[in-house]
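Here is how names work: the chains are called A, B, and so on, in the same order as the sequence lines, proteins then strands, and each is numbered from 1.
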There are 2 protein chains.
Amino acid sequence: MSEKRPTIYDVASAAGVSKSLVSLVLQDSPKVSAVKRASVERAIAELGYRPSRAAATLAASRSRTIGVLVDDFTNLWFVELLKGLRSAVEPRGYRVLVGDVASGGPDAQATLENFLSLEVDALVIAAEVLPAAASGWGIPVVVAGNRTVDLPHAVVVAGDDGRGAELAAEHLIGLGHRRLGHVTGPGEAARLRADSFARTVAGHPGAVLTVRAGAGTLEADGYDAGTRLLRDAPDITAILAANDTMALGVAAALREAGRAVPEDVSLVGFDDSPLAKSHLLDLTSVDYRGVVVGGEVGAVLLQWLGGGNPAAPPQVAPRLMRRGSTQPPRGAAAQG
Amino acid sequence: MSEKRPTIYDVASAAGVSKSLVSLVLQDSPKVSAVKRASVERAIAELGYRPSRAAATLAASRSRTIGVLVDDFTNLWFVELLKGLRSAVEPRGYRVLVGDVASGGPDAQATLENFLSLEVDALVIAAEVLPAAASGWGIPVVVAGNRTVDLPHAVVVAGDDGRGAELAAEHLIGLGHRRLGHVTGPGEAARLRADSFARTVAGHPGAVLTVRAGAGTLEADGYDAGTRLLRDAPDITAILAANDTMALGVAAALREAGRAVPEDVSLVGFDDSPLAKSHLLDLTSVDYRGVVVGGEVGAVLLQWLGGGNPAAPPQVAPRLMRRGSTQPPRGAAAQG
DNA sequence: GGTCGCAATTGGAGCGCTCCATTCAAGTGT
DNA sequence: ACACTTGAATGGAGCGCTCCAATTGCGACC
């Protein structure tokens with residue numbers, strides 16, 4: 001299909017230097033004279049040389065690659081995480097690879113093995129479920145987000161889920177809502193959100209909360225839990241969903257129950273995903289600030305990979321993004 | 001961080017065989033006796049040995065890895081593509097890596113380079129935009145979906161976009177709709193869908209079509225084009241959107257215009273994504289059958305990588321998934 | 001002018017595998 | 001009993017790099 005790729009030796013002879021010098025140029029070492037560097041770079045361009053990562057990885061026993069494990073590609077918050085992570089590590093010569101633990105079905109393990117056999121230098125876990133094989137992978141591991149997984153030597157970098165739920169509660173109570181609902185699901189982040197939401201609501205005399213949990217954290221789970229919530233507490237005027245996807249389900253449950261958003265019931269999501277920003281939902285949502293979290297993950301990793309001691313940065317402060325799905329309850333002035 | 005990973009030599013001596021035999025077991029060659037195979041496998045398990053892909057790739061000058069390039073992780077149809085692709089190639093020992101050409105911003109090129117330097121054995125292009133550097137990569141390339149990119153030696157594997165739009169048109173016309181709208185966007189697939197939709201509608205005397213295009217194919221583009229469509233052709237009773245995401249935008253435009261779905265206007269999407277299946281939209285959508293397309297992509301690739309001649313399979317036949325967003329227009333019986 | 005120091009450059013020894021040619025063991029046929 | 005075939009197992013040569021120790025060139029310093 002093609003006439004053998006050029007190697008470092010071809011570049012070296014074309015530039016009239018040794019292969020070692022070419023290698024130094026590739027790693028842009030400071031100890032190469034400008035003139036030789038230029039001629040090597042010219043040779044690289046002329047030959048269309050592309051370094052072999054397999055050879056580099058083998059020789060250096062280091063791949064300069066970071067693997068990111070996500071649960072499920074449909075759970076979009078990883079997109080922002082990735083953006084932040086990449087912009088932090090790519091300038092330093094690291095590449096990022098993503099893989100999902102879900103879509104492959106039973107082979108969650110396979111994705112992990114895939115990364116490990118690719119000899120990634122570090123792993124970012126942005127997934128709730130993790131394959132059986134506990135750690136002991138011999139590489140830095142950062143857990144992104146608050147999760148149930150408990151990896152011995154991993155550093156956790158996350159947004160402040162509790163604070164996010166608190167912001168949502170304060171917003172709703174500030175608007176005048178007193179009969180609140182919460183739709184939650186499995187997972188550590190959901191638990192933190194639910195606990196904090198409950199605590200904050202409890203701190204306001206006269207405010208009551210009803211919580212219903214879905215079996216998962218998808219749209220259908222939000223719909224299901226939302227339906228139950230509305231049946232069991234028909235008088236609520238505001239709902240916080242554990243994430244935007246579940247909020248979509250809750251919105252459907254509300255429509256079926258004949259309750260308008262935001263006139264009858266205010267709805268708040270979590271993650272500030274593209275869905276929240278859609279014109280149809282126009283959903284007030286807690287921005288988890290995935291890009292910032294991703295940047296922090298990158299910073300921790302660079303520090304760690306550079307031989308430093310990894311330290312978990314402070315939790316990233318979330319922000320409330322107010323949109324059209326929340327407003328004061330009917331007769332708020334009277335209740336106020 | 002860890003005491004040196006075991007190599008093939010360690011396994012060999014633990015199992016009392018030669019490194020070559022271990023290598024044969026790893027590639028599960030048929031020419032290994034059952035008894036030796038068992039003892040090698042035992043040694044592998046005991047040592048926790050994990051083969052180095054870098055070394056294997058270097059030695060074999062073949063990585064047994066397929067790279068998939070997607071536009072944007074938020075465009076979910078790739079998830080199904082991936083599922084089909086993986087189930088086709090993983091049993092044959094290939095691994096799949098995904099990368100996006102968009103989120104990195106300017107460095108669309110970077111993702112491509114990343115894959116090429118990883119020495120992937122083949123590339124699947126599931127993206128509309130492609131980095132400048134045209135082909136000449138020396139590896140099999142399959143384009144998934146109908147796209148504008150024109151790669152010299154690439155094989156195209158796609159669903160039948162034209163037939164999909166035809167199904168949608170027939171469905172709507174069959175329900176009695178005569179004043180139709182279409183919201184489209186850039187890209188080859190959208191063009192094929194729009195052309196076919198227009199052709200099919202034109203084939204029905206008395207049916208008229210208004211088309212508006214968005215600047216892109218996202219929710220906001222659907223909202224924008226949908227708003228213009230409703231302003232310019234206020235009497236339409238049915239709309240086909242070029243994809244589900246745009247349909248979400250169109251749904252918002254409809255709500256703002258005070259038109260109910262499906263009572264006033266029927267809405268059809270394209271892709272049958274999770275969004276279409278959500279309870280809120282409950283969107284009738286053309287199922288592009290991404291899993292099947294992915295499987296075909298895998299089959300073509302296996303054939304190609306096995307030394308055979310690549311042949312584009314017939315276009316995958318789409319299916320119309322009828323849901324709650326379409327119904328006969330008001331007074332259909334009279335019009336019928 | 002000799003020697004030291006430093007920066008720039010180089011050759012060589014692997015990294016952990018695969019693949020090929022070869023050897024070895026055990027039948028087959030005559 | 002002998003060469004001959006076949007299947008199983010092995011050693012060696014590399015794949016294309018990185019890294020280290022060694023070498024070279026050259027101005028500075030006494």
List the atom pairs, with distances to 0.1 Å, where a side-chain N or O of residues 33-48 of chain B and a protein N or O form a donor-acceptor pair under 3.5 Å, not counting sequence neighbours.
from   : atom 1 : to     : atom 2 : distance (Å)
R37(B) : NH2    : S29(B) : O      : 2.7
S39(B) : OG     : K36(B) : O      : 3.1

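- In this structure, R53(B) reaches neither bases nor backbone, as no heavy-atom distance under 4.0 Å exists between it and the strands shown.
- As rounded to whole Å, 14 Å separates atom C1' of dC19(D) from atom CZ of R64(A).
- Partners of L97(B) according to the side-chain contact (heavy atoms from CB on, under 4.5 Å) rule, which considers only residues two or more places apart in sequence or in another chain, are L97(A), N114(A), L118(A), T65(B), F115(B), L118(B).
- Comment: R86(B) engages D100(A) in a salt bridge, judged by a side-chain N to carboxylate O separation of less than 4.0 angstrom.
- Residues forming a side-chain hydrogen bond (donor to acceptor under 3.5 Å, both in side chains) with S117(A) (at least two apart in sequence, or on another chain): R53(B).
- If you find the closest nucleotide of DNA chain D to A55(B) and to K19(B), the one lying nearer the 5' end belongs to K19(B).
- Near-neighbour residues of DNA chain C inside residues 21-48 of chain B, defined by a heavy atom below 4.0 Å, number-ordered: S23(B), Q27(B).
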For residues 16-23 of chain B, please give each side-chain donor-acceptor pair under 3.5 Å, one per line with the distance, not counting sequence neighbours.
from   : atom 1 : to     : atom 2 : distance (Å)
S18(B) : OG     : S20(B) : N      : 3.4
S18(B) : OG     : L21(B) : N      : 3.3
S23(B) : OG     : Q27(B) : NE2    : 2.9

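- Scored by the side-chain hydrogen bond (donor to acceptor under 3.5 Å, both in side chains) test, D121(B) finds S63(B) as partners (sequence neighbours excluded).
- Residues satisfying the side-chain hydrogen bond (donor to acceptor under 3.5 Å, both in side chains) criterion with T57(A), sequence neighbours excluded, are absent altogether.
- Looking at heavy-atom distances under 4.0 Å, S20(B) makes contact with a base.
- The span of DNA chain C lying next to chain B, judged by atoms under 4.0 Å from heavy atoms, is bounded 5' to 3' by dG16(C) to dC19(C).
- Residues satisfying the side-chain contact (heavy atoms from CB on, under 4.5 Å) test with P186(A), not counting sequence neighbours, are T217(A).
- Helix-axis bend for the helix from dG1(C)-dC30(D) to dT30(C)-dA1(D): the local axis fitted to the five terminal pairs at one end deviates from that at the other end by 50°, rounded to 10°.
- With sequence neighbours left out, A55(B) forms a side-chain contact (heavy atoms from CB on, under 4.5 Å) with L58(A), S52(B).
- Under the 4.0 Å criterion applied to side-chain N and carboxylate O atoms, D160(A) and R289(A) are not assigned as salt-bridge partners.
- With the nearest nucleotide of DNA chain D identified for both S18(B) and A60(B), S18(B) has the one nearer the 5' end.
- Remark: N146(A) pairs with V156(A), A158(A), D161(A), E188(A), L192(A), Y288(A), Q315(A) by the side-chain contact (heavy atoms from CB on, under 4.5 Å) rule, at least two apart or across chains.
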